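Heads up, the thing below is written out as structure tokens.
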Amino acid sequence: MEPPSPGGISTASGNTSTHKFHPCDEAVIATNDDASDCKRCAVRLGYWKDDYIGYFVRNQERKAPEINRGYFARVKGVEMCVEKFLKKTSGNCQIINLGCGFDTLYFRLRDTAHQVKNFIELDFPTVTARKCYTIKRNKALLARIHDEDGEVRLSPTDLHGPSYHLMGVDLRNLDEVDNKLQQAEVDFTLPTIFLAECVLVYIEAQNCRNLLKWIAQKFQAAVFVNYEQVNMNDRFGEVMLNNLRGRGCSLAGVESCLSLETQRNRFKEAGWSGARAWDMVEVYESISVAERQRIERLEMLDEGELLLQLFQHYCLVVAWLGAAFQDIDITCVSV
């Protein structure tokens with residue numbers, strides 16, 4: 001470890017990760033760039049407020065209105081669940097963001113009344129290295145992590161602040177996941193919400209089962225919010241699959257994406273107490289009428305059929321451990 005850098009930042013050289021790439025990992029990593037570009041476009045058009053995504057994404061390319069509206073529903077759906085969890089725990093909780101990419105939730109939460117004990121982000125080392133670099137070179141981001149008494153420690157792929165930890169890891173390697181969470185001072189007894197957006201679908205079924213089972217055994221009280229594909233066994237789903245496979249993504253976990261029932265069963269079979277699932281038609285309709293009317297005025301849709309099909313082929317799943325969080329769902333709450 002080198003001496004602390006100015007501003008309470010210390011750096012460490014070397015990458016201790018033992019990650020070995022699978023053939024389609026690079027294509028999966030590239031999906032982070034696609035999703036981040038789409039979120040950046042929707043934010044620029046006013047779909048939701050995010051003062052931080054622009055630090056991570058410079059792309060100015062405009063996306064189709066259906067894509068923008070789809071990402072709006074995705075972001076708002078996850079936010080509704082997170083807000084309910086934070087209100088229920090009064091901030092005495094942890095957030096663990098699996099396959100975090102360039103997600104900015106930690107920074108956005110820092111601008112609200114919501115504070116949490118610990119916020120942990122995990123992704124491929126290739127992704128976290130880029131996120132670490134961006135945070136390191138932007139004072140506005142560092143200022144949200146750094147406090148007067150706390151030091152920010154940086155390595156090429158990992159960043160540790162007083163209550164924020166960003167680490168490179170292969171989610172298929174549970175020993176490595178466990179080691180990283182220990183480095184992040186995780187508290188297995190604290191209520192914890194796990195977030196995953198189009199992550200589990202890229203993990204082989206057995207590895208995914210092992211991960212979910214491991215979480216269920218290690219954490220006493222937890223919620224898992226999972227956003228990804230559903231109804232992938234119809235014609236539209238086949239087209240989506242072929243497009244992703246054409247880009248090198250095998251969707252190794254697609255067998256859990258055949259229906260809302262297979263989505264729920266993925267968690268129940270791994271030892272979770274229960275699970276609910278909604279397609280994005282239901283999630284979108286759960287957003288307040290005023291908010292939907294506001295964003296629908298931002299861009300006109302030529303026709304709604306494509307958006308409807310997209311909404312029918314993505315879903316939000318909420319699983320829980322213990323009875324305390326079984327009522328967390330997609331009904332709208334005030335911030």
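All values derive from a computational prediction rather than experimental measurement.
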Close side-chain approach of Leu45 and Arg62, heavy atoms under 4.5 Å
yes

Taking side chain as C-beta onward, heavy atoms only, is Asp329 less than 4.5 Å from Val318?
no

In the single-linkage hydrophobic clustering (I, L, V, M, F, W, Y; side-chain heavy atoms under 4.5 Å), do Leu190 and Val82 co-cluster?
no

Are the side chain of Lys117 and the backbone N or O of Ser163 linked by a donor-acceptor pair below 3.5 Å?
no

Is the shortest distance from a Lys or Arg side-chain nitrogen in Asp158 or Arg153 to a carboxylate oxygen in the other one below 4.0 Å?
no

Please check: side-chain N/O of Thr192 versus main-chain N/O of Ala222, any donor-acceptor pairing under 3.5 Å?
no

Using a distance-only test with no angle check, is there a side-chain donor-acceptor pair under 3.5 angstrom linking Glu299 and Tyr47?
yes

Among Glu185, Lys180, His160, the one residue meeting side-chain hydrogen bond (donor to acceptor under 3.5 Å, both in side chains) with His165:
His160

Please verify the inter-ring angle class for Trp214 with Phe188; under 30° counts as parallel, over 60° as perpendicular, anything in between as tilted.
perpendicular

Check for me, please, whether Val281 and Phe236 land in the same ILVMFWY cluster - side-chain distances under 4.5 Å, paths through other members count.
yes

Working to the nearest 0.5 Å, report the span between OH of Tyr314 and OH of Tyr227.
5.5 Å

Option from Phe194, Phe325, Trp272 for which ring pair (Phe, Tyr, Trp, His ring centres under 6.0 Å) with Phe219 holds:
Phe194

Nearest 0.5 angstrom please: Lys213 NZ to Gln206 CD, how far?
7.0 Å

Suppose clustering is done on Ile, Leu, Val, Met, Phe, Trp and Tyr with side-chain heavy atoms closer than 4.5 Å. Which residues sit in the same group as Val230?
Leu260

Apply side chain to side chain contact (heavy atoms under 4.5 Å, CB included) to residues Thr128 and Met167 and explain how you reach the verdict.
CA-CA 6 Å; Thr128 61; Met167 297 169 292; 5.9 Å; no

Less than 4.5 Å apart, side chain to side chain, heavy atoms only: is that true for Thr104 and Tyr55?
no

Let me confirm one number: the SG-CD1 distance from Cys100 to Ile95, rounded to the nearest 0.5 Å.
12.5 Å

Do Arg235 and Glu238 meet the salt-bridge criterion of a basic N to acidic O distance under 4.0 Å?
yes

Within 6.0 Å of CD in Glu261, more than 12 heavy atoms from elsewhere:
no

Using a strict 4.0 Å threshold on nitrogen-to-oxygen distance, state whether Arg130 and Asp33 make a salt bridge.
yes

Looking at side-chain heavy atoms only, is the closest gap between Ile193 and Ile328 below 4.5 Å?
no

Does atom NZ of Lys139 have more than 12 heavy-atom neighbours from other groups under 6.0 Å away?
no

Looking at His146, Glu121, Arg144, which one forms a side-chain hydrogen bond (donor to acceptor under 3.5 Å, both in side chains) with Tyr164?
Glu121

Using the side chain to side chain contact (heavy atoms under 4.5 Å, CB included) criterion, which residues pair with Cys132? Sequence neighbours excluded.
Leu154, Leu159, Leu166

Arg172 and Asn210, any side-chain heavy atoms less than 4.5 Å apart:
no

When rounded to the nearest 0.5 angstrom, what is the spacing between CD in Gln263 and CG in Leu258?
9.0 Å

Quick check on Asn243: does its CG atom have over 12 non-hydrogen neighbours (other residues, nucleotides or ligands) under 6.0 Å away?
yes

Shared hydrophobic cluster, Leu308 / Ile67 (ILVMFWY, side-chain heavy atoms < 4.5 Å):
yes

Between the side chain of Asn68 and the main-chain N/O of Cys41, is any donor-acceptor distance below 3.5 Å?
no

For Glu228 and Val201, indicate whether the former's side chain and the latter's backbone hold a donor-acceptor pair under 3.5 Å.
yes

Are Trp48 and Leu298 joined in one hydrophobic group, where the rule is that I, L, V, M, F, W and Y side chains link up if heavy atoms are under 4.5 Å apart?
yes

Measuring only between side-chain heavy atoms, which start at C-beta, is Leu200 closer than 4.5 Å to Phe267?
yes

Under a 4.0 Å N-O cut-off, is there an ion pair linking Arg276 with Glu282?
no

When hydrophobic residues are tied together by side-chain contacts of less than 4.5 Å, even through go-betweens, does Tyr133 share a cluster with Leu142?
no

Under a 4.0 Å threshold between the charged nitrogen and the carboxylate oxygen, would Asp50 count as salt-bridged to Arg40?
no

Say whether, by atom type as modelled, one donor and one acceptor occur between the side chain of Asp123 and the main chain of Gly101 under 3.5 angstrom.
yes

Nearest non-hydrogen partners of Asp103 and Glu197, listed with the distance:
OD1-OE2, 4.2 Å

Determine the interplanar angle of the Tyr284 and Phe311 rings, folded into 0 to 90°, and report it as parallel if under 30°, tilted if 30 to 60°, perpendicular if over 60°.
tilted

Check whether any side-chain heavy atom of Val177 lies under 4.5 Å from a side-chain heavy atom of Asn173, and answer yes or no.
no

Between Glu79 and Lys76, does at least one N-O distance fall below 4.0 Å, as a salt bridge requires?
yes

Evaluation steps, side chain to side chain contact (heavy atoms under 4.5 Å, CB included), between Val186 and Ile96
CA-CA 9 Å; Val186 71; Ile96 300 181; 4.3 Å; yes

Minimum side-chain heavy-atom gap Gln115-Leu109 below 4.5 Å:
no

Taking 4.0 angstrom as the limit, do Lys218 and Asp178 come out as a salt bridge?
yes

Asp327/Lys84 ion pair, N-O < 4.0 Å:
no

Expected output: side-chain Lys268 to main-chain Ala319 donor-acceptor under 3.5 Å
no

So, the side chain of Ser286 versus the backbone of Ile330: is there a donor-acceptor pair under 3.5 Å, distance only?
yes

Nearest-0.5 Å distance, CG of residue Asn242 to CE of residue Met240
11.0 Å

Counting only N and O atoms by type, is there a donor-acceptor contact under 3.5 Å from the side chain of Asn32 to the main-chain atoms of Phe102?
yes

